[in-house]
Colleague: 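One structure is given below, represented as structure tokens, and several questions about it will come after.
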Amino acid sequence: MIDIGYTQVAVAVTLMVLAIVLSRWQRLGTEKELAIGIFLSFIQLVAVGYVLEFIFGLESVPAVLAAVTVMIIVASFTAARRAVHIPRAWLWSFLSILTGSVVTLGLMLAVAVITMKAQYVIPLAGMTIGNSMNCGALVMERLHSDITSNRPAVETALALGKNWREASHPFFVKAVKAGMMQMLNFLKVVGIVQLPGAMTGMILAGASPLKAVLIQVIVGYMITAAVTVTGIMAAHLAIRRMFSPADQLTI
Amino acid sequence: METSAARSDGTVLSADNLTRTVATASGDKRIIDSFSFRFDHRGLYTIVGPSGSGKTSLLRLFNRLDEKSGGEVRFHDRPIEQYPVTHLRRKIALVFQVPYLFPGTVAENLAYCCPVKTNPEEAFSSRYLHLVGLEPGLAGRDAATLSVGQQQRVALARALVLEPEILLLDEPTSALDPGAAKTIEDLILKLNRSLGLTIIMVTHNFSQALALDGVSLVMVGGVMIETGRSRELMARPGHDTTRRFIAGDLR
Ligand SMILES: Nc1ncnc2c1ncn2[C@@H]1O[C@H](COP(=O)(O)OP(=O)(O)O)[C@@H](O)[C@H]1O
Ligand SMILES: [Mg+2]
């Protein structure tokens, strides 16, 4: 296995310098952002590296759980920033990402596919939470825009004696599907067009490709399940906020 | 409908000091202001008034599609809040000014609220299509291919499927040519006289109120300024605004 240290990273920086030079030459105007990007990505990732080293070193279950909780909270607020039209979106994001993660990670832990160690739980949680976050934010925003632009359809259903759930169902379906689409498309072309990150990382770190593939399959299924759970739950929670208790559209 | 025939012709719907206030950019606005009225069972009522006078807003309070800010609406002498809202909306059916038909066939639209089980589907559709003066052959047509006039009639038929006691119609002939409008007016009279439906219809066209020969309620700026038999209002308007509205000076 190749030995990686700061020297190797410094060499890799020349690639970013190449990008800056190209940006300048082609007058893309992205030099400043690239420079900031070099700096921030380095600082953030190294910081995360130290944090992970620290947590791994603790070998403590509460520390792992605390780390996962912090990840979910950060993801919830990130999702809420994107779902600007949904009141208290952070809370709905939190509940739905939490559920998606607990269900999937919990199942993997319960059947002992993984054990309660930082090394397994944190990277897997990171991937399920990250994907769930994107899905939840997308689903909530999509619902808001679809229901706002389809008031006549929703109110016609309500006027015909349907409840809020029935009246919004077509838009619920569309939004959840949209939220799952990225994952579904990924599953269809995975390995053909692109080698996924987890697998690439394992191969680089020296694992056998076959083992890396099996892990990737597990990761892929976990993410799919988590995204589905989160999408459905975020949709339900967000839709409920768009109707009054008396089944009146309030947005 | 069979239950209503057995009932005496008392009050079926009443409003007492009904008010709705909405928040606007320039502060709160009373779009319905202290509206009080008793609608008799089997009555035929026309709500007239210039556009923006609150006619649509009033109908939406009767079937609880919007929430009142003050006062009370009673259906069969019980506050409407005491009924399950989906049940209330089937008993007090609203047909919107701009009809919305769900994607699918005309027959599917008719069966939207209550999937047809007993009757063969064709007999069911043709019965309701016949009621609103449409060809039974239209049942299989894609709803999106209908003319606006046909859509309006399908929307009316779809509301009749609910077997309501009260039919709220929001300018049901606004998109129709005079000939088609006459068919709808005749239909409204038939529904009122033969089926015993209480009809509350919005129109901004006073001649239509005259043709239907019911009781008119004149709305201006969210306030009901007067009420009486349409012909009497025509002969002896109690307000200058009513006179100007009848003369066609207000739109
Ligand atoms: N949700 C709402 N928010 C703000 N203003 C409203 C709302 N609904 C209706 N209005 C206003 O209330 C008034 C009455 O509207 P409407 O009932 O549609 O009148 P009409 O049907 O007689 O033309 C209008 O000035 C309209 O702009
Ligand atoms: Mg109107």
Side-chain angles (χ1 to χ4, degrees), chain A residues 83-89 92 139 141-181 184 231-232 235-251, chain B residues 20 22-23 56 59-69 73 79-104 108-115 143-144 151-152 154-164 166-170:
Chain A
V84 283
H85 292 100
I86 312 290
R88 285 198 284 166
W92 323 129
V139 164
E141 253 324 269
R142 174 71 185 262
L143 266 174
H144 184 273
S145 71
D146 274 5
I147 290 187
T148 311
S149 55
N150 288 283
R151 293 187 68 98
V154 176
E155 292 205 312
T156 297
L158 293 175
L160 290 166
K162 298 286 182 183
N163 62 29
W164 63 273
R165 201 182 285 280
E166 296 162 327
S168 61
H169 189 255
F171 307 104
F172 165 83
V173 170
K174 269 195 206 165
V176 176
K177 271 191 185 159
M180 292 173 62
M181 206 35 93
L184 294 176
I232 291 173
H236 275 300
L237 291 170
I239 289 180
R240 192 68 194 91
R241 313 274 102 57
M242 301 178 196
F243 291 86
S244 72
D247 299 73
Q248 296 151 328
L249 194 51
T250 51
I251 53 166
Chain B
R20 176 162 159 84
V22 295
T56 299
L59 290 191
R60 292 171 59 95
L61 290 173
F62 292 159
N63 77 339
R64 235 188 146 193
L65 213 47
D66 284 333
E67 196 62 31
K68 65 178 191 207
S69 313
V73 181
I80 53 174
E81 292 76 18
Q82 287 185 9
Y83 296 86
V85 71
T86 52
H87 175 77
L88 181 83
R89 289 179 188 151
R90 284 159 185 264
K91 291 283 132 199
I92 307 180
L94 170 67
V95 182
F96 293 91
Q97 176 172 9
V98 179
Y100 174 84
L101 299 186
F102 297 100
E108 282 162 356
N109 266 276
L110 293 177
Y112 176 77
C113 54
C114 6
Q151 288 181 32
Q152 215 144 18
V154 172
L156 179 54
R158 188 177 57 188
L160 292 173
V161 174
L162 299 170
E163 307 216 337
I166 303 178
L167 197 53
L168 307 173
L169 302 170
D170 196 353

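Residue numbering restarts at 1 for every chain, and letters A, B, ... go by the order of the sequence lines. Since we're looking at a predicted model, the values are computed, not measured.
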Colleague: CZ of A:Arg88: more than 12 outside heavy atoms within 6.0 angstrom?
Modeller: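 For A:Arg88, atom CZ is not crowded (no more than 12 foreign heavy atoms under 6.0 Å).
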
Colleague: As a quick check of understanding, evaluate side chain to side chain contact (heavy atoms under 4.5 Å, CB included) for B:Phe102 and A:Thr156, giving each step before the final call.
Modeller: CA-CA 9 Å; B:Phe102 297 100; A:Thr156 297; 3.9 Å; yes

Colleague: Would B:Arg89 and A:Asp247 count as a side chain to side chain contact (heavy atoms under 4.5 Å, CB included) here? Give the steps.
Modeller: CA-CA 11 Å; B:Arg89 289 179 188 151; A:Asp247 299 73; 3.6 Å; yes

Colleague: If you look at every heavy atom in A:Leu160 and B:Cys113, which pair is closest and at what distance?
Modeller: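 Residues A:Leu160 and B:Cys113, closest heavy atoms: O-CB, 3.8 Å.
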
Colleague: For B:Arg60, which atoms come within 4.5 Å of any heavy atom of chain A: side chain, backbone, both, or neither?
Modeller: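 Answer is side chain: those atoms of B:Arg60 sit under 4.5 Å from chain A.
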
Colleague: A:Ala246 and B:Glu67: which non-hydrogen atoms are nearest, and at how many Å?
Modeller: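 Distance-wise, the nearest heavy atoms are CB-OE1, 4.3 Å.
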
Colleague: Side-chain contact, heavy-atom cut-off 4.5 Å: B:Leu65 with A:Glu155?
Modeller: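 Side-chain contact under 4.5 Å: yes.
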
Colleague: If you take all heavy atoms of A:Ala157 and B:Tyr112, which pair is closest and at what distance?
Modeller: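 Shortest heavy-atom separation between A:Ala157 and B:Tyr112 comes out as CB-OH, 3.2 Å.
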
Colleague: Provide the closest heavy-atom pair for B:Phe96 versus A:Ala159 in the form atom of the first, atom of the second, distance.
Modeller: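 Heavy atoms only, the tightest pair is CE1-CB, 3.7 Å.
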
Colleague: What I'd like to find out is whether the side chain of B:Thr86 reaches to under 4.5 Å of the side chain of A:Glu166, using heavy atoms alone.
Modeller: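 Side chain of B:Thr86 against side chain of A:Glu166, heavy atoms only: no contact under 4.5 Å found.
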
